[in-house]
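Down below is the structure, laid out as structure tokens.
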Protein chains: 2
Amino acid sequence: MKEKDLRRSLSVLPIGTVMKLTSLTARQIRYYEEQGLVSPERNDGNRRMYSLNDIDVILEIKDYLDEGLNIAKIQEIYKKRKEDNKNNDTKELTDQEARKILSDELLNIGGLNSHDAANNSF
Amino acid sequence: MKEKDLRRSLSVLPIGTVMKLTSLTARQIRYYEEQGLVSPERNDGNRRMYSLNDIDVILEIKDYLDEGLNIAKIQEIYKKRKEDNKNNDTKELTDQEARKILSDELLNIGGLNSHDAANNSF
DNA sequence: ATTTAATGTAATAACTTCTAACATATTATG
DNA sequence: CATAATATGTTAGAAGTTATTACATTAAAT
């Protein structure tokens, strides 16, 4: 399920959309970024562009805050989570996976646009 | 597979994103709309907002044009397709489906925002 | 009583999109 | 061939959206 991951990490949503999807204000969303909890990409005009993964993170932050955690605690959670992932990333990448990745890279030279992009369902 | 359909029909992408994703100009994208081939929603500020389904349609239009079809032909294709769907929509909705829909409606009172929305993966 | 944390608000600049109109290039048709 | 139609380009001005920065405010912690 590689394409799904791709989809979910495409940065295509402007902050206004994120506001609607999360019921947060722009101020809040930017503040969480300021605190290192999200890192949206920027388009050529310096506008923040969010991915579905970003949305998930933001909704999670919202939940934690609703539960009474403060930003500092949430930062700890994410730091810990990142370390846990480190202990997986290196192990996960082997054999079949490596072949798959190589193959994907070869197939995707030229970027998102060939006709196949359509059938990727985005 | 109801949530996926929901996701795919959420109108959250501004035209700039659609341009990047399709390699088309704003002029082209608006022209296809003018010709009745796509119907993006509008946000409160009258900006077009596209869904993933819209993107698929637009990419399909692009393909047809590349293959040498003109807009008129493409319009016919979509008209025919719409009629075919009519002969399914009424048949498809039965039994299990109906129960599922009812249940979904009950669970979703209040809209997109409750905590569950996060776990819906958007 | 203060400080800190999270969010609100305001101002200004820059970016993005909208509509409408006219231009152009390519294809179709008499 | 000449003309009409199709698809797209370009431009201009208005309006919507987002960015940054700074100051204000409310609630919680010390």
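Order of the sequence lines fixes the chain letters, A, B, ..., with proteins taken first and strands second; residue numbering starts at 1 for each chain. Hydrogens, waters and symmetry mates play no part in the numbers below; they use all other heavy atoms, side chains included. Computed from a predicted structure; not experimentally measured.
- In terms of phosphate contacts, B/Arg47 brings no side-chain nitrogen or oxygen within less than 4.0 Å of OP1 or OP2 of C/dT16.
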Task: Worked check of salt bridge (charged side-chain N to carboxylate O under 4.0 Å, His left out) between A/Arg81 and A/Glu60 - done: CA-CA 13 Å; A/Arg81 198 177 297 179; A/Glu60 199 178 13; 3.1 Å; yes
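- Across all non-hydrogen atoms, the minimal contact from B/Pro40 to B/Asp54 is CA-OD2, 4.0 Å.
- Look at CE on B/Met49: it is 10 Å from C1' on D/dT17, rounded to the nearest Å.
- Residues A/Arg47 and A/Asn43 have side chains that never bring a donor and an acceptor to within less than 3.5 angstrom of each other.
- A/Leu13 places its CG atom 15 Å from the C1' atom of D/dT17, with the value rounded to the nearest Å.
- Comparing D/dA7, C/dT16, C/dT7 against the side chain of A/Leu65 picks out C/dT7 as the nearest.
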TODO: For side-chain contact (heavy atoms from CB on, under 4.5 Å), just list the numbers for A/Val12 and A/Tyr50, CA-CA rounded to whole Å, side-chain angles, deciding distance to a tenth of an Å, and then say yes or no.
DONE: CA-CA 6 Å; A/Val12 294; A/Tyr50 297 83; over 6 Å; no
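- Across residues 28-45 of chain B, B/Arg30, B/Arg42 each have a non-hydrogen atom less than 4.0 Å from an atom of DNA chain C (numbered order).
- What separates CG of A/Leu24 from P of C/dA6 is a distance of 14 Å, to the nearest Å.
- Taking atom CG of residue A/Asn70 and atom C1' of nucleotide D/dT26, one finds them 16 Å apart after rounding to whole Å.
- As rounded to whole Å, 18 Å separates atom P of C/dT4 from atom NZ of A/Lys73.
- Distance B/Leu69 CG to D/dT6 P: 15 Å, rounded to the nearest Å.
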Enumerate all atom pairs, one protein N or O and one N or O from nucleotides 22-30 of chain C, separated by less than 3.5 Å.
none

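- The pair B/Glu33-B/Arg48 meets the salt-bridge criterion, since a charged nitrogen lies less than 4.0 angstrom from a carboxylate oxygen.
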Open item on the list: Does B/Ile58 form a side-chain contact (heavy atoms from CB on, under 4.5 Å) with B/Gln28? I'd like the steps, not just the answer.
Closed with: CA-CA 10 Å; B/Ile58 292 170; B/Gln28 289 173 302; over 6 Å; no
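- Atom P of nucleotide D/dA28 and atom CD1 of A/Ile71 are separated by 16 Å, given to the nearest angstrom.
- Computed from coordinates, the A/Ile61 CD1 to C/dA6 P distance equals 11 Å when rounded to whole Å.
- Between B/Lys62 and B/Thr22, the shortest heavy-atom distance links the atoms NZ-O, 2.9 Å.
- Judged by closest nucleotide on DNA chain C, A/Ala72 is the one of A/Asn46 and A/Ala72 placed further toward the 5' end.
- With a 6.0 Å radius and a threshold of 12 heavy atoms from other residues, nucleotides or ligands, A/Glu41 has its CD atom at or below the threshold.
- Between B/Glu67 and B/Lys73 there is no salt bridge, since no side-chain nitrogen of the basic residue lies less than 4.0 Å from a carboxylate oxygen of the acidic one.
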